[in-house]
Protein chains: 2
Amino acid sequence: MAGGGDELKLLGMWASPYVIRVKLALGFKGLSYEDVEEEDVFTGKSELLLKSNPVHKKVPVLLHNGKPVCESQIIVQYIDEAFVGTRPSFLPADPYEGAIARFWAAYVDDKLLPSWLQSFGGKTEEEKAEGLKQTLAAVEHMETAFKEISKGKPFFGGDSVGYLDVTLGALIAWVHAGEKLTGFRLFDATRSPLLNEWVDRFGELDAAKAVLPDADRLVDYTMMRQAKAAAAAAAASNN
Amino acid sequence: MAGGGDELKLLGMWASPYVIRVKLALGFKGLSYEDVEEEDVFTGKSELLLKSNPVHKKVPVLLHNGKPVCESQIIVQYIDEAFVGTRPSFLPADPYEGAIARFWAAYVDDKLLPSWLQSFGGKTEEEKAEGLKQTLAAVEHMETAFKEISKGKPFFGGDSVGYLDVTLGALIAWVHAGEKLTGFRLFDATRSPLLNEWVDRFGELDAAKAVLPDADRLVDYTMMRQAKAAAAAAAASNN
């Protein structure tokens with residue numbers, strides 16, 4: 001375990017689910033850190049971000065005593081391995097259970113999240129419909145996975161929060177914001193009753209409450225971004 | 001470590017770099033396994049494959065005493081964790097070095113491989129040119145990464161083969177086949193002298209020689225697939 005002299009600095013952006021994921025991991029581990037908010041990750045990236053993540057130039061980046069770790073799932077695994085003993089590991093000790101957790105964590109980022117984004121951000125109605133179709137299929141897979149992995153316990157990790165809880169938990173604030181914005185709730189009581197309950201259960205945890213942004217703030221942020229994009233498109237078409 | 005009674009079965013397809021990756025991991029660990037070749041992963045998938053990987057329906061799948069593990073990088077990590085003690089771990093013990101290895105392994109699959117595929121498989125000349133541009137940028141990043149990670153030693157893993165060697169090593173047969181097919185060598189002496197030498201060094205290892213398919217066989221296979229695709233397109237346009 002790293003000693004008490006560790007300096008942790010997180011380069012992030014409050015609304016990003018990938019950044020929220022890292023904040024959840026730090027929170028559940030009880031680690032304090034300096035929260036460095038990038039002014040605008042879309043237009044003006046800081047020198048520190050560009051220097052720390054020269055390959056992808058993206059948040060989140062965790063600086064541990066000045067050494068950068070990039071990519072949210074890799075950062076969570078790093079936190080799990082570098083700060084052992086503060087609480088049960090996120091990843092299970094059993095290699096097979098670990099492989100299953102990694103499989104579904106990859107599924108969240110490779111399938112669930114892109115499909116969901118496409119369901120409301122697609123360029124055409126066809127693209128949006130295809131996104132929704134794939135989202136519903138992904139939710140069905142995730143619901144089955146929760147049932148098989150949790151085995152009747154409250155979390156993917158069993159009695160305490162595990163790797164997959166942290167990975168998927170980062171989406172919870174956006175589940176609420178998405179419902180307010182579009183009327184579509186990613187995990188609802190009909191299609192995914194177990195995950196619907198898990199959303200509330202996870203959201204009630206102290207570490208989650210301390211980290212997850214307010215849904216109304218995400219709604220305002222989304223509408224502001226949409227207005228900016230529309231203004232930019234209008235300005236471009238006037239040139 | 002798993003005992004001598006372990007049954008390992010690999011559902012694969014000989015030309016797939018993702019399958020080759022798993023074979024390399026098994027080979028370097030000195031593990032014997034049943035090699036189950038899917039007849040045709042593109043048209044007729046076996047019942048065992050569909051049952052073992054119902055989410056992605058793709059090879060490779062490693063069955064360990066009947067329990068399936070899917071996704072090549074997750075399988076390699078599983079093999080590393082489930083069969084300890086047979087040789088040094090692929091992933092370094094140091095969490096920071098582990099995070100760096102995972103970062104670049106993800107980069108191989110998320111950036112290098114898709115760009116390279118696009119450079120010759122793109123639908124238009126513009127797409128191919130963009131793919132080549134991104135490939136060259138990715139090669140430059142990987143060359144720098146090799147220099148920083150290997151610190152003058154022969155492999156990404158230092159004196160012995162590590163996680164990133166196994167991940168990238170799976171592409172070596174395709175580096176040679178690609179050169180024969182298109183004249184473009186992914187890692188060459190001019191742009192990436194260190195990786196160019198690493199290709200030969202890795203390919204000379206006994207475990208690699210036992211696993212990597214012959215480049216001429218990959219060339220024949222690629223031409224057969226291209227001819228089939230052209231015949232299918234011609235048949236479709238005649239309908």
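Between chain B and the residues Glu81(A), Gln77(A), Arg102(A), the largest count of heavy-atom pairs under 4.5 Å involves Arg102(A). With chain A as the partner, the residue from Pro54(B), Pro68(B), Ala137(B) showing the most heavy-atom pairs under 4.5 Å is Pro68(B). Looking only at heavy-atom pairs under 4.5 Å with chain B, the residue among Pro95(A), Cys70(A), Ala138(A) that has the most is Pro95(A). Among His56(A), Glu71(A), Gln73(A), the residue with the largest count of heavy-atom pairs under 4.5 Å with chain B is His56(A).
Contact annotation for Tyr96(A): both backbone and side-chain heavy atoms come within less than 4.5 Å of a heavy atom of chain B.
A donor-acceptor contact closer than 3.5 angstrom is absent between the side chains of Trp14(B) and Asp35(B).
Not counting sequence neighbours, Asp110(A) has no partner by the salt bridge (Lys or Arg N to Asp or Glu O under 4.0 Å) test.
Counted within 6.0 Å of NZ on Lys111(A), heavy atoms from surrounding residues, nucleotides or ligands total 12 or fewer; the atom is thus considered open.
When each of Lys51(A), Glu38(A), Glu37(A) is tested with Ser46(A) by the rule side-chain hydrogen bond (donor to acceptor under 3.5 Å, both in side chains), just one qualifies, namely Glu38(A).
Below 30°, between 30° and 60°, or above 60°: for Phe103(B) and Tyr107(B) the angle between ring planes is below 30°, a parallel geometry.
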